[in-house]
Structure formats: C-alpha cells, structure tokens
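Notes follow once the structure below has been shown.
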Amino acid sequence: MPFTLTPTYDENPRLRELVTRLRDYLDGELADYEAKLGLTHESRYTRDVLEPVWRRSRELGFYGIHLPPERGGQGLSFTELGALKEEVGASGRVLQLSVLGDMGGPLRAGSILRYATREQLDRYLLPVIRAERACCFSLTETGAGSDVRAMTTTATPDGEGWRITGHKVFSSAGPFADFSVLIARVADSDAYAAFLVDLDSPGCTVRDAETPMSGQHIESDIILDDCYVGPGQLLGEVGDGLRIGLGRVTANRLLHCPTVLGLTRRALALTLDFARTREVFGGPLAALQSIQHKVADMATGYYAARSMTYDGLAALDAGGRPRAEAFMSKLFVAETAFRIADEAVQIHGKAGLVRGSEVEWLFRSLRMFRVLTGSSEIQKNAIAHQLFLGDRN
C-alpha cells in the first residue's frame, strides 16, 4: 500500500467500508456533538455526556466491533482492529476513546469474557457490551507499577466471600465506571485473584486521581477498606489474578500502538498544514529546506513505526506469538512518536507552546506513552531477555 496519511485499504473491502464510515462519524456527527458541548481534552466528563456516544457508536456498529458476531461484533482481525484504532487516534476527537469502547467499554472487558460465569456475564459484562454499564481496571498501585507483584491490596476470605483492603491508582474510566475488575493478593499466600467490585459497595471509595500531564480526567483512585465481595464476584479461580490482569499481554501491547500511531499521524498532519500556510521571509514555512528535512524524518519515522506494528498484528492474525516483536514495537512506537511530537512543536514555534493548542496537547499525551503500559526501559529488558533466552522462558 503506497504511503499516505489517509490509508484507503483497497485490498480489504470490508475494512475500507468500515474506515470510510468511521471517518464520517468522527469528522461529522461526533465532532458536532463535541463542539455543541464545548468539550476539550481537559474537560471533566459525566455519564450524561458519555452515554450518548456509547449508544450511538453501538448503533453504528463500532462499539465492540472487535467482538465475535455472537457478542454483537464483527469478529475483526487484529490488523483490522488496529486500523480502526489508528483512525480514531488520528481524528482529533476529544471523546475518541468512547467510540470503539477503549475507555470503560467492550475493548476493556472483552479479554475477560472467557473467565466469567453465566451470572457474571449477565450482571456485569454483557451490559458493558450493550453500552448500559461501564467498567474500569484496577491493577496498579503507588508502589506497584511495572512490578505488579509488589501490590499490597489484600483479599481476606470471609465465609464464602472476601474482604478487600487496599488502594489502587490510575484506574482508567474510574470516574464514570459502575464496577472494577480489581486484582488483589490473597491473604497469607502468594496467590492473586481477580474480583468484580461494584464501586458503590460499602467500604469502596472512588476518588479523583492525580491529574496526568495530558490533563485528562479519566483516572481514579479506588480505595477499599474492608470492602466485602461475594463468592459470585470472584472472576476465574484463585491464582488466576495476574493471568487475568496481564492477560493477552502481547496482543494488548501491540494494540496500544495503533492508537499512538493515530495521535502521531495527527501531529504530522497538523504540522504539514501549518508549514504550508505559515508565512516566513516572504514565503511558506514549507519552502525552507530545514523544515522539509524535519518533516521527511517525521514521516519516515511514522512509516517505520507503523510497519513494525502491523507486521506484529499480522503475525498475531496468522496464529503466531510475536512476543519480542511486541516489545520492540511498543519501544519503537513510543520513542518515535515522542520525537515526532517534539519536532511538531518545534516547527509550530510559539503556536506549539500555547497551552491548549492541539499540537501542544499531543506532545504531552505522546510523552506519557514512553511510560504507560510498560516504560521503554521495561521493554528493553524484555527484548534482551527474549534475545538471550528465546523460547526457553
């Protein structure tokens, strides 16, 4: 496929049709909705704002589109889902994470469906797929980020149920979620378990998290003080906690990359438009060779990062287990995206330094990805581990 910032996917008619419809929704109806409400990336969202987007995205077939047909989706391949995630990221929409269900929706819940009982599906997960409920995921703690085994949140058996005490941070979608998929260490053991915790339960407090540098208000702290959960809220078996918490790691790591590629693509497109229209020294900024070289390097980096990502997704679709490739993609995409965002700010000059301008927000957001979902240093450790030990571990 020839290089372009607006791929056509002619080789895949289904994907081409989906991308066309998705772009129309993002650039039309959703853009109008956001403008009517005056939303910015740093607005505080309420359920009243988000639920219409969830429902409309479901009506259009996008909310949970990756799920199998029996769950209301279209059973997309990893490559197809990656392409849609990239389009959403490239749209510039404030509520982009609500369209496919990344934030509190089916993309968050889909990977745990196989662990759920019939009762848990009916009570918790199927309502998420139907855009009726929202969930968050609670694994990280202040002292347990990359080292998840350092968590101190503890689940103590109490009759047939459990009492959970602990403090989770960076629970994405927490401010508007109904329940959390929460991982805790089982008391007096080395085992971990996953629980479906109703956030309005006695002993459970949802508190505003520290605001990340992106300025988004989409995270919460989940504080549990002797919070009781019943036996029907244990997800999977005792001992499955980390497997559930870190489940589908390779796929999820790769699928974070298209969203970042979309944001990067947006930064590059904004830079090209700015350079074409900004007048300096009697001509457009784009006429300067120094600017031409910068955007050439930016586009080349984006192409390389995108190629790596989609190669890894194709391997997943072929039934492979591209672990090293996933670590490499996460590392390269994160570092390359930040370099591109940095150059975008540089080319925009003063306009790129103004708080609230889109390119400035993209710079802050893309900087975060070098830490989120595993820092670049963690990716390097894992790549080296794969190179030295290969399939032996």
Side-chain angles (χ1 to χ4, degrees), residues 104 108-125 127-128 133-210 219-249 252-253 372-375 378 381-382 393:
R108 177 64 65 181
S111 63
I112 62 174
L113 290 174
R114 62 192 176 97
Y115 294 99
T117 65
R118 182 71 251 177
E119 179 185 356
Q120 289 170 342
L121 286 170
D122 291 341
R123 178 179 173 185
Y124 291 102
L125 301 179
V128 170
R133 302 192 81 195
C135 66
C136 66
F137 189 79
S138 302
L139 175 66
T140 303
E141 300 178 10
T142 299
S146 298
D147 182 11
V148 296
R149 294 179 184 274
M151 74 172 66
T152 60
T153 297
T154 303
T156 303
D158 181 0
E160 294 185 346
W162 308 79
R163 295 279 178 180
I164 305 179
T165 296
H167 187 161
K168 298 293 186 179
V169 299
F170 293 128
S171 290
S172 298
F176 38 83
D178 298 289
F179 67 93
S180 171
V181 180
L182 187 139
I183 314 301
R185 181 193 297 272
V186 177
D188 301 320
S189 78
D190 293 327
Y192 299 83
F195 300 91
L196 298 167
V197 179
D198 294 300
L199 295 180
D200 60 355
S201 299
C204 179
T205 302
V206 180
R207 191 175 73 189
D208 282 350
E210 294 178 319
E219 315 278 354
S220 282
D221 286 9
I222 308 295
I223 304 167
L224 305 112
D225 182 9
D226 203 33
C227 177
Y228 179 79
V229 296
Q233 292 170 267
L234 173 66
L235 185 63
E237 304 291 335
V238 172
D240 287 342
L242 291 186
R243 186 178 301 111
I244 292 172
L246 303 174
R248 294 183 64 208
V249 170
N252 288 339
R253 184 173 290 114
L372 297 178
T373 68
S375 68
I378 290 292
N381 289 346
N393 279 283

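Considering every non-hydrogen atom in both C136 and G174, the closest pair reads CB-N, 3.8 Å. Looking at every heavy atom in both residues, L199 comes nearest to S180 through CD2-CB, 3.9 Å. Of all the heavy atoms in R108 and C135, the pair that sits closest is CG-SG, 3.7 Å. The two residues L234 and A193 make their nearest non-hydrogen contact at CD1-CB, 3.8 Å. Between I164 and L224 the shortest heavy-atom distance is O-CB, 3.5 Å. Taking both residues in full, the closest heavy atoms of A116 and L125 are given as CB-CD1, 3.6 Å, listed atom of the first, atom of the second, then distance.
In this structure, the side chain of K168 engages the main chain of I183 through a donor-acceptor pair within 3.5 Å. The backbone N or O of T154 lies less than 3.5 Å from no partner atom in the side chain of T165, so there is not a single donor-acceptor pair. One N or O on the side chain of R185 and one on the backbone of R149 form a donor-acceptor pair closer than 3.5 Å. A distance-only check finds no donor-acceptor pair linking the side chain of R253 to the backbone of T373 [under 3.5 Å].
Residue H167 holds its NE2 atom at 3.5 Å from CG of D221, rounded to the nearest 0.5 Å. Here the CZ-OG distance, from F179 to S201, works out to 12.0 Å after rounding to the nearest 0.5 Å. Rounded to the nearest 0.5 angstrom, L242 CG and Y192 OH are separated by 6.0 Å. Here the CG-CD1 distance, from L139 to I222, works out to 13.0 Å after rounding to the nearest 0.5 Å. Between atom CD1 of residue I244 and atom CZ of residue F195 there is a gap of 10.0 Å, rounded to the nearest 0.5 Å. The CG atom of L196 lies 12.5 Å from the CG atom of D178; values are rounded to the nearest 0.5 Å.
Between S138 and S171, the side chains place a donor N or O and an acceptor N or O closer than 3.5 Å (distance only, hydrogens not considered). Between the side chains of D198 and Y124, a donor-acceptor pair is found at a separation under 3.5 Å. No side-chain donor-acceptor contact under 3.5 Å links Y228 and R163.
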| request: Take D122 and E119 through the test side-chain contact (heavy atoms from CB on, under 4.5 Å) and record every step on the way to the result. | output: CA-CA 5 Å; D122 291 341; E119 179 185 356; 5.9 Å; no
Working for side-chain contact (heavy atoms from CB on, under 4.5 Å), residues L121 and L113: CA-CA 7 Å; L121 286 170; L113 290 174; 3.7 Å; yes
What verdict does the side-chain contact (heavy atoms from CB on, under 4.5 Å) test give for V186 and W162, after you've listed the backbone C-alpha separation in whole Å, the side-chain angles of each residue and the deciding distance to 0.1 Å? CA-CA 9 Å; V186 177; W162 308 79; 4.0 Å; yes
